[in-house]
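Working notes, structure below.
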Amino acid sequence: MHRQPVLLVVAHGSRDPRHAATVHALVKRVRALRPGLRVETGFLDFTIPSVHGVLESLAAEGVRDVVALPLLLTRAFHAKADIPAVLRDAPPRLRIRQADVLGPSPLLLSALERRLYEAGLTPADKSSTGVVLASAGSSDPEAIAVIADIAREWWHTGWCAVRPAFASASLPRTEDAVQELRALGCERVAVAPYVLAPGFLPDRIARGAAAADVLAGVLGPAPEVARVLLERYDAAALPVPAVLGA
């Protein structure tokens, strides 16, 4: 019988205990959506179990196939360098496929709107509300361009305006984007953190949102995020087609 690959969720890790608690809540939701799927969690830094430790344990159990899924919203440094390096160091008996990062996805835009509505907005507020799409930031130009594209796409769904902002490495900062939306004449300004879990940079976003009318929560274990995880897993877990004549 064909056994489906184990899903290994690869999280960044943080000294902030809220980070791991949020990751575990998200993984719990993924398990609930796909009860037959084995889902493990490993952290790159600060938090145990480490990715390497989980891979060693799986190999010792006799597991062969693993889909490693980066718990990241953009293809920045961690997805391109850190995670592949850790996976290359895995026990050789494991067959590991690295899934795509979570973003961009229409489901993540739905999760962002869910968090804004939970924070007090209603769909009727869209046309009079400016939104700051506040991400952690990156020195990777590709990642920055993706955030700008998402802001543009989201604006076309009916918001007064949507502006990207970054907590580190890039400009503008959240507080500057809030002021820009005020200057544009939006009736109210909301900040939507495009981050998965609490921590140092999300706290910086929250401080930058002090002059906004609404601050949404992090994406965390939103059901839409769990569905994106399973979409990325399914795409990576598909059998590789045989090459004719090989």
Side-chain angles (χ1 to χ4, degrees), residues 11-16 18-19 22 44-46 70-80 82 101-105 108-109 111-121 125-220 222 225:
H12 184 273
S14 170
R15 292 187 178 92
D16 188 324
R18 296 173 299 167
H19 174 88
T22 303
L44 290 173
D45 226 339
F46 303 121
L71 201 59
L72 300 167
L73 294 170
T74 58
R75 286 193 75 253
F77 180 77
H78 294 298
K80 294 177 180 178
D82 284 7
V101 297
L102 303 183
S105 165
L108 294 177
L109 285 182
L112 286 164
E113 295 207 356
R114 169 189 292 275
R115 294 300 188 230
L116 284 170
Y117 297 149
E118 288 169 353
L121 291 180
D125 296 324
K126 280 185 87 162
S127 62
S128 55
T129 302
V131 180
V132 178
L133 178 68
S135 81
S138 172
S139 56
D140 187 310
E142 180 190 346
I144 297 304
V146 166
I147 299 299
D149 287 344
I150 292 168
R152 201 174 303 115
E153 180 185 339
W154 201 16
W155 170 56
H156 287 306
T157 68
W159 296 98
C160 171
V162 181
R163 292 289 185 272
F166 307 94
S168 69
S170 320
L171 294 173
R173 293 283 179 260
T174 302
E175 51 269 35
D176 299 325
V178 168
Q179 293 308 322
E180 184 188 346
L181 290 170
R182 288 261 185 251
L184 275 176
C186 296
E187 195 174 304
R188 70 186 68 73
V189 176
V191 174
Y194 190 59
V195 293
L196 286 165
F200 175 73
L201 293 177
D203 284 349
R204 183 181 284 176
I205 290 170
R207 290 193 299 274
D213 301 295
V214 174
L215 170 63
V218 300
L219 294 173
V225 180

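Along the sequence shown, residues are numbered consecutively beginning with 1. Just so it is clear, the structure is predicted and the values come from calculations on it, not from any experiment.
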Please list every donor-acceptor pair under 3.5 Å in which a side-chain atom of residues 167-174 meets a protein atom from a residue at least two apart or in another chain.
unit_1 : atom_1 : unit_2 : atom_2 : d
Ser168 : OG     : Ala136 : O      : 2.9
Ser170 : OG     : Ser138 : O      : 2.8
Arg173 : NH1    : Phe166 : O      : 3.1
Arg173 : NH1    : Ser170 : O      : 2.4

Where is the tightest heavy-atom contact between [X] and [Y], given as atom of each residue plus distance?
| X | Y | answer |
| --- | --- | --- |
| Ala143 | Thr74 | CB-OG1, 3.7 Å |
| Leu196 | Leu71 | CD1-O, 3.5 Å |
| Pro198 | Thr22 | CD-OG1, 3.2 Å |
| Ala177 | Pro164 | CB-O, 4.3 Å |
| Val162 | Ala151 | CB-O, 3.5 Å |
| Pro193 | Leu215 | CG-CD1, 4.0 Å |

With no hydrogens and no angle check, is any side-chain donor or acceptor of Arg115 less than 3.5 Å from a backbone partner on Val218? yes
Would you check, one step at a time, whether the test side chain to side chain contact (heavy atoms under 4.5 Å, CB included) holds for Trp154 with Thr157? CA-CA 5 Å; Trp154 201 16; Thr157 68; 3.6 Å; yes
In the structure I gave you, are the side-chain heavy atoms of [X] and [Y] within less than 4.5 Å of one another anywhere?
| X | Y | value |
| --- | --- | --- |
| Trp159 | Leu116 | yes |
| Tyr194 | Leu112 | yes |
| Leu108 | Ile150 | no |

Gap separating the [atom1] atom of [X] from the [atom2] atom of [Y], nearest 0.5 angstrom:
| X | Y | atom1 | atom2 | answer |
| --- | --- | --- | --- | --- |
| Ser139 | Ile144 | OG | CD1 | 8.0 Å |
| Asp125 | Leu121 | CG | CG | 5.0 Å |
| Ser105 | Leu73 | OG | CG | 10.5 Å |
| Glu142 | Ile147 | CD | CD1 | 11.0 Å |

In chain order, what residues pass the side chain to side chain donor-acceptor pair (under 3.5 Å) check against Glu180, with sequence neighbours excluded?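 Scan of Glu180 (side chain to side chain donor-acceptor pair (under 3.5 Å), adjacent residues dropped) gives Arg163.
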Please enumerate all residues that pass salt bridge (Lys or Arg N to Asp or Glu O under 4.0 Å) together with Arg182, with sequence neighbours excluded.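 Partners of Arg182 by the salt bridge (Lys or Arg N to Asp or Glu O under 4.0 Å) criterion, ordered by chain and then number, come out as Asp213.
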Taking salt bridge (Lys or Arg N to Asp or Glu O under 4.0 Å) as the definition, give me every residue that meets it alongside Asp149, ordered by chain and number, with sequence neighbours left out. Arg152
Mind telling me whether His12 and His19 have parallel, tilted or perpendicular rings, with 30° and 60° as the class edges? perpendicular
Taking side-chain contact (heavy atoms from CB on, under 4.5 Å) as the test, write out the residues that go with Ala111, two or more places apart.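 Only Leu219, Ala222, Glu224, Val225 meet the side-chain contact (heavy atoms from CB on, under 4.5 Å) criterion with Ala111.
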All side-chain contact (heavy atoms from CB on, under 4.5 Å) counterparts of Ala145, not counting sequence neighbours: none
